[in-house]
2 protein chains.
Amino acid sequence: MSDKPEADTRLPSRRIADDLRASIERGELPPGGKLPSERDLASRYGTARNTAREAISILQSEGLVIAQHGRGVFVRPQTPLMRLGSNRYSRRLRSETGLSPFRIEVTKQGRVPKAECRSVTTEPPPADVADRLGIDPQTPVIRRENWYFADDEPVQVGVTYIPVDIAGDSPLASEKKLGKGSIYARFEDLGYPIARIREEISARMPNPEEMTGLAMPPGVPVIEVLHTSLDEQRKPFEVTRFVMRGDLNGLDYEMPIED
Amino acid sequence: MSDKPEADTRLPSRRIADDLRASIERGELPPGGKLPSERDLASRYGTARNTAREAISILQSEGLVIAQHGRGVFVRPQTPLMRLGSNRYSRRLRSETGLSPFRIEVTKQGRVPKAECRSVTTEPPPADVADRLGIDPQTPVIRRENWYFADDEPVQVGVTYIPVDIAGDSPLASEKKLGKGSIYARFEDLGYPIARIREEISARMPNPEEMTGLAMPPGVPVIEVLHTSLDEQRKPFEVTRFVMRGDLNGLDYEMPIED
DNA sequence: CAGTGGTCTAGACCACTCA
DNA sequence: GAGTGGTCTAGACCACTGT
């Protein structure tokens, strides 16, 4: 009856993927819910198991589902993003709470924050960092590598580069605790109050090291932020490269229009 | 002789992927260069073709290579990113050049910019947009959909939402040309000079519509920017959601530290 | 036309999880 | 031990690109 039934020209793998995606979007498969097994899908659609598997890998690359060996394939639960804001650097926030914005954000989500300085070394900086610092790429600088966790899950890494003639033998150059307030309180001690920031943002897929280091599920990009701190004379005194899991982090800037 | 030769415990597909990735990183396979064919790799490594194919799909999901049907698999050439900056909204830049920052950036790269307003409608906004505008999600607003191209390649989409009581029957509410200067010149005409902006940034994999609309290669994320324009009383008067190809676009903010 | 990637089949064995 | 995903094989046919 009615229209002539158009043949479904879609490939079997696409058809399975489309059906599953629709189920997810309609909410029939809720976040955290379990998809049918590969063997199940294959027999239901009358295909080989590999074809059902291909369908799932499409959804995986879209970041919609996550497979767990021996358990099943699950709809990726939507964790609310941590919103790192431009107020991250606010002096008032720093002194009022005594907490870093990272700790505030994570705590707000009911998770337990942890930050850890994994290494402090002296070495020549990458070319883009040297450029932002306005120095020669051969000149060694202090390099501090920081890891940030929520409930012991790694969520971002920050690598900070500081010219040696600025850090001197201050706490910034040593592996010991930085002391009260954030790293920017130490820069202030040294006569470099933070007055302006520049943040260059890009998104890309993680490389294998980031994939394991940040325990990234497939189908999730990273956000890379190249941060530069400027003092009142607009002189750069510190550059940090942040790499963050894109499924857990976001950015939130509010700023005046200048000119 | 020497050490006992440790067995290579890596899976065949990983081994092939690792070898190819190393070749790319060493520059033996330069950007734009062609990888060996799948059948080639399979026979070289003594595996089935599917295994070589799996290796390539790993590199593809890392955004390192791009496959072209009937031609081969190629190392993804690195196009320089367009850096959209906070100066995007600068009044001075607007009046000095008469060009939008998008046009300036694309032209700087030796490509031909094109912007096109694809539709202007009136409808209820998405929940997050209504929230930023401080209005009820049921209230219809003006919706303007803009597409941006470089050399006729789509690079980003922007969907702008404007409360009806602000747009009125001004050019903002019609499909006609907006006139000299950018859209912000029109808001200024209406008594809404842009004084501050808020930009909320996230990264994710494209959904199927974005994939086709922006002609996205696999293994490339999108950057989503939820932009809010505020007037001198910090009243929001416009929200735009930008979705940009992550392999062609980046952001560049410079701002003062407030407080 | 030959060569390429895209999709699929029908099996197989392994590693992991959970009752 | 039953059920799950992870990997692999050895084929097949198709669609697309080049000459």
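Computation of the quantities below employed the complete heavy-atom set of this structure, encompassing side-chain atoms and omitting hydrogens, waters and symmetry-equivalent molecules.
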Checklist outcome for this item: In whole angstroms, the gap separating P of dG5(D) from CZ of F74(A) amounts to 8 Å
Checklist outcome for this item: For L41(B) and A52(B), the nearest pair of non-hydrogen atoms, with its separation, is CB-CB, 3.8 Å
Item to check | Distance in angstrom units between R10(B) CZ and dT7(D) P, rounded | outcome: 15 Å
Next on the checklist: Measure CG/L35(B) against P/dT4(C) and give the value in whole Å, please.
Outcome noted: 13 Å
Checklist entry - Residues in salt bridge (Lys or Arg N to Asp or Glu O under 4.0 Å) with E224(B), at least two apart? => result R204(B), R241(B)
Checklist entry - Mapping R14(A) and R49(A) onto DNA chain C by nearest heavy atom, which one lands closer to the 5' end? => result R14(A)
Checklist entry - Could you state the CG-C1' distance from L11(B) to dT9(D), rounded to the nearest angstrom? => result 15 Å
Item to check | salt bridge (Lys or Arg N to Asp or Glu O under 4.0 Å) involving R44(A) - partner list, sequence neighbours excluded | outcome: D40(A)
Next on the checklist: R83(B): which residues meet the side chain to side chain donor-acceptor pair (under 3.5 Å) condition with it, sequence neighbours left out?
Outcome noted: none
Checklist entry - Going by heavy atoms closer than 4.0 Å, what residues in residues 209-219 of chain A are next to DNA chain D? => result none
Checklist entry - Using 30° and 60° as the class limits, which term best fits the ring planes of F242(B) and H227(B): parallel, tilted or perpendicular? => result perpendicular
Checklist entry - Within a radius of less than 6.0 Å around CD of E123(B), do more than 12 heavy atoms belonging to other residues, nucleotides or ligands occur? => result yes
Checklist entry - For the pair made of CG in N50(A) and P in dA10(D), what is the distance, rounded to whole Å? => result 15 Å
Next on the checklist: Heavy atoms from C-beta onward define the side chain here; which of dG5(C), dG6(D), dT7(D) lies closest to that of A67(A)?
Outcome noted: dG6(D)
Item to check | R111(A) atom CZ: more than 12 heavy-atom contacts under 6.0 Å | outcome: yes
Checklist outcome for this item: Of the candidates dT7(D), dT9(D), dC8(C), the side chain of T51(A) sits closest to dC8(C)
Next on the checklist: Listing request: all ring pair (Phe, Tyr, Trp, His ring centres under 6.0 Å) pairs with a residue in residues 101-125 of chain B, at least two apart in sequence or in separate chains.
Outcome noted: F102(B)-Y148(B)
Next on the checklist: Distance check needed: dT7(C) P versus I56(A) CD1, whole Å only.
Outcome noted: 16 Å
Next on the checklist: Between P on dG6(C) and CD1 on I58(A), what's the gap in Å once rounded to a whole number?
Outcome noted: 12 Å
Checklist entry - Hey, does the side chain of T47(B) come within less than 4.0 Å of dC8(D)'s phosphate (OP1/OP2), counting only N and O? => result no
Checklist entry - dC8(D) phosphate, OP1 or OP2: any side-chain N/O from R53(B) under 4.0 angstrom? => result no
Can you check nucleotides 2-4 of chain D for protein contacts, nitrogen or oxygen pairs under 3.5 Å, and list what you find?
from: dG3(D); atom 1: N2; to: G70(A); atom 2: O; distance (Å): 3.0

Item to check | CD/E116(A): more than 12 non-hydrogen atoms of other groups inside 6.0 Å | outcome: yes
